[in-house]
Participant: 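Take this structure, written in structure tokens, and hold onto it; I'll ask about it next.
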Amino acid sequence: MKSEPSVYSIDDLKKDKKTCWDGIRNYQARNFMMRDMNPGDLAFFYHSNCDVIGIYGVMSIYSKSYADHSAFDKFSKHYDPTSTKEHPRWFMVDVKFERKLQRIITLGSLKEHSQKELLNFRLLAKGNRLSIIPIEEKEWKFILSLGE
DNA sequence: GCCAACGTTGGC
DNA sequence: GCCAACGTTGGC
């Protein structure tokens with residue numbers, strides 16, 4: 001799960017302990033949260049659009065998806081008048097801080113394995129812009145081994 | 001700041 | 001349903 005650290009960083013999550021992953025306005029990313037995420041699942045926290053791009057830590061999902069209330073808020077950057085409380089368009093999950101990785105796994109170091117262990121990892125696919133990406137268990141374990 | 005890649009919108 | 005125009009993402 002990606003976030004721009006200038007907006008919300010791994011250290012923000014560490015401080016908050018928990019947060020709701022609001023503001024997702026892409027159907028594929030939303031569908032991953034709605035269909036595939038369950039309490040107890042783990043996720044990597046990825047910093048995008050910053051000096052050192054990469055995976056910084058691990059968090060866990062601790063709620064099923066539910067309506068993203070920032071879509072109802074006229075003063076929110078993520079306000080969407082087409083999403084109503086009766087028929088919400090956008091959803092989010094709650095996440096909990098687990099830990100920071102001992103070493104940041106930079107995008108560059110992930111790319112070093114794009115021809116082998118991470119051949120099908122969607123983060124590395126050409127043109128990928130999805131802010132929430134599914135990951136295979138094998139990929140997860142391999143990436144963790146790079147960071148700890 | 002640039003720009004490739006992508007998603008969405010809306011006219012037809 | 002098609003597709004041009006536009007807006008956004010995100011690495012560099």
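Order of the sequence lines sets the chain letters (A, B, ...), proteins ahead of strands, with each chain counted from 1. FYI, side chains are in, hydrogens and waters are out, and symmetry mates aren't considered; it's all heavy atoms of this structure.
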Participant: Expected output check: what is the dot-bracket annotation of DNA chain B, where ( ) and [ ] are pairs inside the strand (brackets for crossing ones), | is paired with another strand, and pairs are Watson-Crick or G-U under 3.5 Å?
Facilitator: ||||||||||||
Participant: Consider side chain to side chain donor-acceptor pair (under 3.5 Å). Of A/Arg25, A/Lys77, A/His78, which one does A/Ser70 pass it with?
Facilitator: A/Arg25
Participant: Hey, which of these two, A/Asn128 or A/Asn49, hits DNA chain B nearer its 5' end, going by closest nucleotide?
Facilitator: A/Asn49
Participant: Does some side-chain heavy atom of A/Asn31 sit less than 4.5 Å from a side-chain heavy atom of A/Gln28?
Facilitator: no
Participant: Does anything in residues 32-54 of chain A pair up under side chain to side chain donor-acceptor pair (under 3.5 Å), and if so which pairs, sequence neighbours excluded?
Facilitator: A/Glu4-A/Asn49, A/Asn38-A/Lys64
Participant: Going 5' to 3' along DNA chain C, which nucleotides are the first and last within contact of chain A (any atom under 4.0 Å from a heavy atom)?
Facilitator: C/dG7 to C/dC12
Participant: What nucleic acid atoms does A/Glu4 come within less than 4.0 Å of, heavy atoms only: base, sugar-phosphate, or nothing?
Facilitator: nothing
Participant: Would you say A/Met59 and A/Tyr8 are hydrophobically clustered, going by side-chain heavy atoms of ILVMFWY under 4.5 Å?
Facilitator: yes
Participant: Look at A/Arg30 together with A/Asp68 and state whether they make a salt bridge at an N to O cut-off of under 4.0 Å.
Facilitator: no
Participant: Does a side-chain N-to-carboxylate-O contact under 4.0 Å join A/Glu117 and A/Lys141?
Facilitator: no
Participant: Quick check on side chain to side chain contact (heavy atoms under 4.5 Å, CB included): which of A/Ile133, A/Ile132, A/Val93 does A/Phe32 satisfy it with?
Facilitator: A/Ile132
Participant: Return the 5'-most residue of the pair A/Arg129, A/Arg89 with respect to DNA chain B, ranking by each residue's nearest nucleotide.
Facilitator: A/Arg129
Participant: For A/Tyr56 and A/Asp11, does a side-chain donor sit closer than 3.5 Å to a side-chain acceptor?
Facilitator: no
